[in-house]
Each structure stands twice: as structure tokens, then as C-alpha cells.
Amino acid sequence: MKLENKIAIVTGAGSGIGKAIAVGMAKEGASLVLNDISEQSCQEISRSIESTYKVKVLPVVGDVSLRSTAVKIKDETRKQFGRIDILVNNAGIMISGLVLDYKEEDWDRIFLVNAKSVFLMCQEIGRMMVQQKYGKIINISSIGAKDGAIAQAAYAATKAAVMNFSRALSKEFAPYKINVNSICPGVVETPLGQVNLNDPVKRQRFIEMTPKGRISVPEDLAGLAVFLASDDSDFIVGQAINVDGGILYY
């Protein structure tokens with residue numbers, strides 16, 4: 001198994017992409033630290049994965065836009081497992097709206113959750129990885145970071161921040177044998193994605209613009225995340241890899 005004896009943290013693991021990545025890593029033998037802001041979701045997915053895949057799972061509830069949560073995740077992981085091999089920053093929100101109508105408080109909130117949380121987690125967990133001189137960091141961005149859409153300017157800005165932060169951080173961390181990369185999903189069948197997919201006209205438009213001819217599902221992301229978390233990706237640094245069925249080619 002590719003991740004046997006590895007310790008992986010996944011934020012926003014209660015549903016959608018985070019849940020699929022957690023399951024994918026459990027299948028490959030990783031022990032998991034699963035975070036979600038919802039205590040019920042966090043506990044449920046932790047129990048399910050632990051019983052199904054017979055790996056150790058530590059649930060840590062909290063809002064990762066707060067440094068206190070990042071510190072809590074780091075401290076509880078160190079206490080339980082002694083080290084951290086993999087960090088997946090997946091937690092995120094979407095607040096849609098045209099720029100002229102967008103509320104300042106929504107702008108602040110979306111940047112806190114989508115961008116600041118990545119900085120906080122990379123800083124706190126990165127300190128451990130630097131000491132270890134090993135680690136894999138995978139930040140979930142979006143193709144919106146490369147090609148924004150109407151009513152998604154704020155979301156696109158946060159995901160561009162994640163993508164370029166990852167590229168810059170990869171240069172700082174590579175000398176310590178820590179790989180930092182980002183994944184850029186397209187439109188995915190998740191609770192977050194329903195803002196677009198609940199509209200049948202929009203759904204059909206997304207299907208038609210995707211060469212693969214379907215809407216992505218969270219499991220489409222899991223294989224790449226496992227690869228980037230494994231030793232097979234040791235020479236991949238600072239990349240922003242699309243998983244979008246062919247919508248973008250850059």
C-alpha cells in the first residue's frame with residue numbers, strides 16, 4: 001500500500017472532496033487526522049473510515065481559519081502519532097455574488113476560510129515537517145484560480161491565492177524534502193458545488209463544456225491526492241494540477 005505507516009491530516013473531511021480523499025488515503029494504509037467544523041460530520045466520517053478500513057483515525061473538530069484550531073490539530077496529532085507526513089488543506093466555502101453587490105463581510109469570510117486557513121495550517125504543520133525534514137502538502141485550489149467565472153470573483157481570488165501561495169511555499173520547503181503542490185478541481189458534485197449544479201440549465205452547460213461529458217465526482221480527486229502524498233511524487237514540486245475532465249489545458 002502506497003501510504004502504509006504514513007500519518008495524514010485532511011481538513012474539511014466531513015463531506016465532498018475531503019471525505020473522498022480521506023477514504024482514498026485510508027485504502028492505501030494511512031492513519032488519519034480528520035478535521036471538520038461540524039462535530040457530527042467529523043465524528044461520523046472518522047468512525048466510518050476506522051471501522052471500514054481498519055486504520056487509526058483521530059477526529060479534531062474546529063474552524064481552521066483560527067490559529068487555535070491549527071495548533072490544536074498539530075498538538076493532538078503529535079500526541080497521538082508523534083509525527084505528520086501528509087497535510088491536505090481542503091476546507092473551503094463558496095459565497096457567490098456579483099462584485100458590485102458583494103458584501104464586505106462575505107469577502108472577509110471567504111478569504112478567512114479558503115486562504116488564511118491554508119496559511120495557518122501550512123505554517124503550524126510545516127514547522128513539524130521542517131524538523132522532520134520530510135512532508136507532503138496538498139492544497140485544494142480550483143480551475144477558478146486560472147479562469148474565473150461570473151459571480152465567482154471572490155471565490156476565484158481565494159483559490160488563486162491558494163495556488164500561488166503553494167507555488168511560493170514549495171520553493172521555501174523543497175530544501176527540507178517537503179513537497180508542496182495544489183490540485184485544481186473543476187465543477188464537482190459536492191454540497192459546495194450545488195450552488196451551480198442545482199440549476200438544470202447550468203448543469204447541462206457544465207456537462208457540455210467538459211470533454212469527458214459529465215460532472216466530476218469527489219472520487220475523481222482521490223487518486224491524484226494519494227499520488228501526491230506518496231513517495232512516487234518526490235520530484236513534483238509547486239505544481240497546480242487540473243482535475244476537470246478537460247475544461248482547461250493550462
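Within the 3.5 Å criterion, the main-chain N or O of I84 finds a donor-acceptor partner in the side chain of Q132. Without hydrogens or angle criteria, K146 side chain to A240 main chain gives a donor-acceptor distance under 3.5 Å. Judged by distance alone, the side chain of K56 and the main-chain N or O of V33 form no donor-acceptor pair under 3.5 Å. The backbone N or O of S170 sits nowhere less than 3.5 Å from a side-chain atom of E172 that would complete a donor-acceptor pair. A donor-acceptor contact shorter than 3.5 Å is absent between the side chain of N35 and the backbone of I73. Put simply, the side chain of N179 gets close to the backbone of S233: a donor and an acceptor are under 3.5 Å apart. Side-chain atoms of D244 do not come within 3.5 Å of backbone N or O of P185 as any donor-acceptor pair. A donor-acceptor pair under 3.5 Å is absent between the side-chain atoms of E28 and the main chain of L3, judged by distance alone.
Between F111 and W107, the ring planes are tilted. Angles from 30° to 60° get that label.
Annotation: side chain of I247 is in contact with side chain of T210 (closest heavy-atom distance under 4.5 Å). At least one side-chain heavy atom of F173 sits under 4.5 Å from a side-chain heavy atom of V130.
Every residue two or more places apart in sequence or in another chain was checked for a salt bridge (charged side-chain N to carboxylate O under 4.0 Å, His left out) with R167, and none qualifies. Scored by the side chain to side chain donor-acceptor pair (under 3.5 Å) test, D199 finds no partners at all (sequence neighbours excluded). With sequence neighbours left out, the side chain to side chain donor-acceptor pair (under 3.5 Å) criterion links N89 to N139. Residues passing the side chain to side chain contact (heavy atoms under 4.5 Å, CB included) test with L100, sequence neighbours excluded: none.
Checked against F206 for a side chain to side chain contact (heavy atoms under 4.5 Å, CB included), the options E208, R203, M209 give a single hit: M209.
Summarising the geometry, atom CD1 belonging to I241 is positioned 7.0 Å from atom CZ belonging to F227; distances are rounded to the nearest 0.5 Å. Distance check, rounded to the nearest 0.5 Å: CE of M129 to CG of D85 gives 7.0 Å.
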Residues 9-25, side-chain donor-acceptor partners within the protein, below 3.5 Å, at least two apart:
{"from": "T11", "atom 1": "OG1", "to": "N90", "atom 2": "N", "distance (Å)": "2.9"}
{"from": "T11", "atom 1": "OG1", "to": "A91", "atom 2": "N", "distance (Å)": "3.0"}

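A salt bridge links D220 with R214: the distance from a Lys NZ or Arg NE/NH1/NH2 to an Asp or Glu carboxylate oxygen falls below 4.0 Å. Using a 4.0 Å cut-off between a side-chain N of Lys or Arg and a carboxylate O of Asp or Glu, D63 and R109 qualify as a salt bridge. Note on K72 versus E124: no salt bridge recorded, every NZ/NE/NH1/NH2 to OD/OE distance being 4.0 Å or above.
Summarising the local packing, CD of E105 is surrounded by more than 12 heavy atoms from other residues, nucleotides or ligands at distances under 6.0 Å. Residue Q123 places its CD atom among more than 12 non-hydrogen atoms of other residues, nucleotides or ligands, all under 6.0 Å distant.
Applying the side chain to side chain donor-acceptor pair (under 3.5 Å) definition to pairs two or more places apart or across chains, those involving residues 44-53 are Q40-E44.
Linking ILVMFWY residues whenever their side-chain heavy atoms come closer than 4.5 Å, directly or via other members, leaves V60 and V57 in distinct clusters.
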